[in-house]
Amino acid sequence: MAHFSSPLSPRTGRAGLRWQHLLACVALLAAATFASAAEPAKDHPLVGRYEGSVLDAFQSNAYDEVGLIRGPIKYGDKTNPDALKVAGKVSLYYYKLPDGRSLLEVQRNYEASLKAKGFQLKFSCVTTDGSCYKKDPDRDSPYTDVSGLANAIDTPEWPQIGRGRQFVSNYFENSGRYVLAQYDGPAGTVYASIALAESTPGKGNFAFVRVVETKAMESDKIVFVDATAMQKGLEQNGRVNLYGIHFDLDKDTIKPESQPTIDEIAKLMRANPQLRVQVVGHTDAQGEEPHNADLSRRRSVSVIAALAKTGVDGRRFTSRGAGSKEPVAPNTSEDGRAKNRRVELMRL
């Protein structure tokens with residue numbers, strides 16, 4: 001079990017410089033933050049890389065929520081309702097594995113290394129024996145198709161790098177292996193999700209490593225907007241974005257901590273009795289757009305209902321759900337998605 005090493009040395013020479021330049025250009029086109037293999041410090045200190053692997057892409061979000069496969073999945077179900085939902089710093093690593101090494105050897109090296117560092121192995125599977133999938137009562141034999149695992153792993157946060165919408169799935173062609181490990185340390189829980197892909201001969205094998213360091217989100221990043229600021233925004237721009245109205249996850253139920261912003265809207269309306277506004281709900285780009293549009297519409301209606309309870313005439317409002325179609329920031333990071341999840345007032 002001696003196949004893990006310290007990070008590789010940076011590429012040198014003219015060829016290496018050309019590679020770095022090409023990767024940098026492609027990364028800019030992909031509108032995401034990537035690092036080339038010339039940045040060895042990007043290897044996660046608790047997980048590392050298999051010896052001889054080449055880091056082809058890297059992406060990290062300071063705070064995000066992901067679903068990790070923690071048991072056999074239903075074949076063909078990309079929603080994976082049984083996924084382990086965790087939030088924190090999410091780091092993604094895409095490695096090209098060295099030639100001549102089987103996925104089994106790579107998996108067992110990862111498992112031995114993780115155990116030595118204090119991780120507990122929570123789940124592992126291989127597509128060729130069907131252990132990655134739940135038993136289908138309508139089938140006599142288990143599913144062994146690698147595409148089911150590939151589709152379940154291929155999520156929007158994986159770097160695309162111009163390789164098409166389905167990034168991960170494009171590299172699972174013959175078989176796949178998966179490992180989930182958990183580390184409980186003094187700084188919190190860390191999850192390592194490792195998917196190994198066997199591609200066609202000559203194309204190489206790949207490792208997709210996702211590390212989640214659970215932590216509380218940095219709060220108080222959105223400035224509270226009071227009635228005076230709302231009025232100024234409506235007068236100058238005809239609209240104002242509000243971030244103080246929060247909802248239960250994937251619901252239109254307004255959380256109690258939203259009341260100060262609701263009260264400020266009511267104060268604005270009472271101070272301007274002729275004012276009529278449209279309440280627009282916005283979501284980020286996660287999830288299907290029809291669902292986002294309906295959810296944002298229902299949330300705007302909930303806001304109007306909450307305002308009516310303060311004594312403001314509900315007929316002074318109209319509602320609209322914009323879904324994710326009117327972003328004010330990129331949806332490629334949690335900070336951007338947080339800015340897109342908002343309630344907007346538009347003067348009528």
Side-chain angles (χ1 to χ4, degrees), residues 57 59 64-87 90 92-94 97 102-104 106-107 110 121-182 191-201 203-212 249-251 283-295 323-324 331 337:
Q59 178 174 312
D64 206 346
E65 183 181 59
V66 297
L68 303 177
I69 298 173
R70 58 177 169 179
I73 59 177
K74 182 179 179 181
Y75 184 85
D77 185 359
K78 293 191 68 173
T79 62
N80 192 15
D82 298 325
L84 174 65
K85 295 295 181 68
V86 292
V90 180
L92 303 169
Y93 306 83
Y94 163 56
L97 297 172
S102 69
L103 296 191
L104 174 62
V106 176
Q107 177 185 344
Y110 265 116
L121 299 182
K122 309 302 288 186
F123 176 66
S124 66
C125 70
V126 57
T127 57
T128 52
D129 66 6
S131 58
C132 293
Y133 307 116
K134 294 180 178 179
K135 179 174 176 53
D136 188 337
D138 297 325
R139 284 175 59 94
D140 294 329
S141 58
Y143 283 105
T144 58
D145 186 348
V146 69
S147 65
L149 177 63
N151 289 333
I153 295 169
D154 196 1
T155 53
E157 76 270 16
W158 272 106
Q160 299 299 304
I161 319 183
R163 293 187 173 100
R165 181 173 177 81
Q166 286 187 310
F167 176 61
V168 175
S169 299
N170 290 342
Y171 293 87
F172 284 77
E173 297 185 24
N174 288 333
S175 68
R177 289 177 175 268
Y178 177 83
V179 175
L180 176 66
Q182 177 180 330
Y191 294 93
S193 169
I194 303 169
L196 305 173
E198 181 182 33
S199 191
T200 55
K203 194 173 178 180
N205 296 339
F206 306 88
F208 301 87
V209 178
R210 177 162 47 186
V211 182
V212 184
L249 181 63
D250 207 34
K251 296 181 180 179
T283 69
D284 59 32
Q286 294 180 311
E288 298 294 330
E289 182 54 35
H291 173 76
N292 289 339
D294 177 66
L295 177 63
S324 63
N331 279 288
R337 289 190 287 270

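For the atom pair CD1 of Ile73 and CD1 of Ile153, the computed distance is 7.5 Å after rounding to the nearest 0.5 Å. Once rounded to the nearest 0.5 Å, the distance linking CG of Asp294 with CD of Glu289 reads 11.0 Å. For the atom pair CD of Gln59 and CG of Asp64, the computed distance is 9.0 Å after rounding to the nearest 0.5 Å. Between atom OG of residue Ser193 and atom CG of residue Leu68 there is a gap of 5.5 Å, rounded to the nearest 0.5 Å. Rounding to the nearest 0.5 Å places CG of Leu149 at 11.5 Å from CZ of Arg177. From Asn292, atom CG reaches atom OG1 of Thr283 across 3.5 Å, with rounding to the nearest 0.5 Å.
In this structure, Ile69 and Leu180 have side chains that are not in contact, with every pair of non-hydrogen atoms separated by 4.5 Å or more. Proximity of Leu295 to Asp250: side-chain heavy atoms (C-beta onward) are separated by under 4.5 Å at one or more points. Between Tyr110 and Val209, some side-chain heavy-atom pair lies under the 4.5 Å cut-off. When side chains are defined from C-beta on, Val66 counts as touching Val86, because their heavy atoms get closer than 4.5 Å. Within the 4.5 Å cutoff, no side-chain heavy atoms of Ile194 are placed close to those of Val106. Two residues are said to be in side-chain contact when any heavy atoms from C-beta on lie closer than 4.5 Å; Tyr133 and Pro142 fail this criterion. Inter-residue side-chain proximity for Gln182 and Lys122 is flagged as met; some heavy-atom pair is nearer than 4.5 Å.
Heavy-atom minimum distance, Pro72 versus Ser131: CG-O, 3.9 Å. Annotation for Leu103 and Leu196: closest pair O-CD1, 3.6 Å, computed over non-hydrogen atoms. Ser124 and Gln107 make their closest contact through CB-NE2, 3.8 Å (heavy atoms, listed as atom of the first residue, atom of the second, distance). Between Glu173 and Ser199, the closest heavy-atom pair is OE2-OG, 3.4 Å.
Using modelled atom types, one finds no donor on one side chain facing an acceptor on the other under 3.5 Å when comparing Tyr75 with Thr144.
The aromatic rings of Phe123 and Tyr178 lie tilted to each other, with the angle between the two planes from 30° to 60°. The aromatic rings of Phe208 and Tyr94 lie parallel to each other, with less than 30° between the two planes, well short of the 60° mark.
Other residues, nucleotides and ligands place no more than 12 heavy atoms under 6.0 Å from the CD atom of Glu288. Around atom NZ of Lys203, more than 12 heavy atoms belonging to other residues, nucleotides or ligands sit under 6.0 Å away.
Looking at Ser175, its side chain never comes within 3.5 Å of a backbone N or O of Glu198 through a donor-acceptor pair. Using modelled atom types, one side-chain atom of Asn331 and one backbone atom of Ala285 make a donor-acceptor pair closer than 3.5 Å. Side chain of Asn151 to backbone of Ser147: a donor-acceptor contact under 3.5 angstrom is found.
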Go through it in stages, so that I can follow the logic: the residues are Asp154 and Phe172, the test is side chain to side chain contact (heavy atoms under 4.5 Å, CB included), and I'd like the CA-CA distance, side-chain angles, deciding distance and then a yes or no. CA-CA 10 Å; Asp154 196 1; Phe172 284 77; over 6 Å; no
